[in-house]
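I have placed the structure first, in the form of structure tokens, so that the comments after it can refer back to it.
Computation of the quantities below employed the complete heavy-atom set of this structure, encompassing side-chain atoms and omitting hydrogens, waters and symmetry-equivalent molecules. Atoms within a ligand are numbered from 1 in the order they appear, just like the ligands themselves.
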Amino acid sequence: MSIQLFADRDPGNALIKLPTSARRTVRWLPRIGDKFPDFSLDTTQGALRFRDWALGSWTHLFSHPAALTPVCTTEIASLASHDETWKRLNVKHLGISASPIEDQRLWHEHVEDIFEVDIGFPIGHDPMLTLSQLFGMIHDEEATGHAIRKSFILTPELRIAVMMEYPVHIGRSTAELIRVIEALQLVDATGAATPADWMPGDVALVPDERSETEVLRQFGALSRRIISYLRVVDPGP
Ligand code: BEZ
């Protein structure tokens with residue numbers, strides 16, 4: 001038997017059945033292009049005012065479910081092990097967690113010891129999960145009392161460029177984070193688009209129907225035209 005908990009009709013009059021959870025009021029649904037809200041929080045490196053701290057860098061703002069847990073341990077060790085890459089790409093990381101600062105500091109000592117890394121980035125404490133709720137990091141069906149794994153990549157102007165969401169038992173990929181940031185920076189610098197499975201150094205795509213002259217002027221390279229809407233360019237180093 002199917003029980004219809006909440007139903008509405010779209011303008012075309014087709015029936016839409018929504019789960020009960022969709023009836024909750026959403027205060028802000030973060031979307032690509034949105035300016036990220038400013039906030040302050042206590043972190044493993046002291047009090048931090050987000051806007052002042054992040055403006056001018058690419059920011060990886062991420063939730064981590066809990067200190068002193070296995071998957072989170074490998075995630076922060078992995079982030080910390082790519083320090084040179086973050087410097088090269090002008091990326092700052094800020095974690096947000098419900099775990100108290102003392103637990104996080106103790107945990108960082110363990111991680112630094114085991115993996116021989118230096119955790120140079122702060123992780124903030126969100127005791128009431130207020131920020132985590134606002135940023136869409138709390139998914140009640142997946143976890144209660146702590147966040148899922150959500151990552152925002154923000155532009156140096158603090159607009160949302162990319163969002164990624166993972167369940168609690170699947171660790172995020174630092175290689176994918178780096179790949180996406182490199183793609184964002186290429187798109188930003190050249191106006192090209194990146195194809196599926198793009199990796200740094202690969203060719204890029206002309207994103208629209210501009211003329212060959214325009215392409216030559218913009219990318220400094222002639223495009224290879226596969227069909228009218230699919231042209232490949234070498235955006236250079
Ligand atoms: C983990 O990182 O493995 C984890 C975090 C929160 C709850 C359960 C596991």
Side-chain angles (χ1 to χ4, degrees), residues 19-22 24 26-30 36-37 39-48 50 53-54 58-83 85-86 89 91-154 160-181:
T20 1
S21 58
R24 292 191 200 107
V26 175
R27 279 188 295 166
W28 175 52
L29 178 66
F36 209 81
F39 59 91
S40 54
L41 86 175
D42 196 15
T43 81
T44 48
Q45 296 182 358
L48 179 147
F50 180 66
W53 177 85
W58 292 81
T59 302
H60 172 219
L61 175 70
F62 65 99
S63 54
H64 85 71
L68 305 163
T69 56
V71 179
C72 293
T73 296
T74 59
E75 284 190 331
I76 63 159
S78 180
L79 286 178
S81 71
H82 288 81
D83 200 38
T85 305
W86 310 129
L89 297 174
V91 174
K92 282 183 171 178
H93 303 276
L94 173 61
I96 299 183
S97 174
S99 296
I101 297 289
E102 309 79 64
D103 288 4
Q104 307 226 38
R105 290 211 177 111
L106 173 68
W107 180 45
H108 287 197
E109 279 176 29
H110 297 169
V111 175
E112 290 182 340
D113 214 33
I114 297 166
F115 294 89
E116 297 181 0
V117 291
D118 179 26
I119 301 171
F121 50 85
I123 300 194
H125 183 210
D126 185 21
M128 308 304 289
L129 297 175
T130 321
L131 295 173
S132 309
Q133 280 285 4
L134 178 65
F135 303 158
M137 295 164 166
I138 303 298
H139 295 202
D140 297 333
E141 300 290 337
E142 169 66 4
T144 46
H146 60 78
I148 56 139
R149 302 181 191 282
K150 181 159 184 167
S151 285
F152 290 96
I153 304 171
L154 308 179
I160 299 174
V162 169
M163 289 176 278
M164 305 181 200
E165 294 181 347
Y166 284 73
V168 173
H169 295 296
I170 299 181
R172 285 160 283 197
S173 161
T174 302
E176 174 62 0
L177 181 66
I178 294 169
R179 187 191 81 88
V180 171
I181 292 170

For ligand 1, output the ligand-protein N/O contacts shorter than 3.5 angstrom; if there are none, return none.
residue: ligand 1; atom: 2 (O); partner: Thr69; partner atom: OG1; Å: 3.0
residue: ligand 1; atom: 2 (O); partner: Val71; partner atom: N; Å: 3.1
residue: ligand 1; atom: 2 (O); partner: Cys72; partner atom: N; Å: 2.9
residue: ligand 1; atom: 2 (O); partner: Arg149; partner atom: NH2; Å: 2.9
residue: ligand 1; atom: 3 (O); partner: Val71; partner atom: N; Å: 2.9

Measure from the side-chain N and O atoms of Ser132 to the backbone N and O of Ile138, and report whether any donor-acceptor pair falls under 3.5 Å.
no
Those residues that, when tested against Gln104, pass side-chain hydrogen bond (donor to acceptor under 3.5 Å, both in side chains) (two or more places apart):
His64
For residues 105-123, which residue pairs pass the side-chain hydrogen bond (donor to acceptor under 3.5 Å, both in side chains) check, not counting sequence neighbours?
Thr73-Trp107
Counting C-beta onward and ignoring hydrogens, is there a side-chain heavy-atom pair between Val71 and Ile170 closer than 4.5 Å?
no
Do the two ring centres, one from Trp28 and one from Phe36, sit under 6.0 Å apart?
yes
Only counting residues at least two apart or in another chain, list the ones meeting side-chain hydrogen bond (donor to acceptor under 3.5 Å, both in side chains) with Glu165.
Lys150
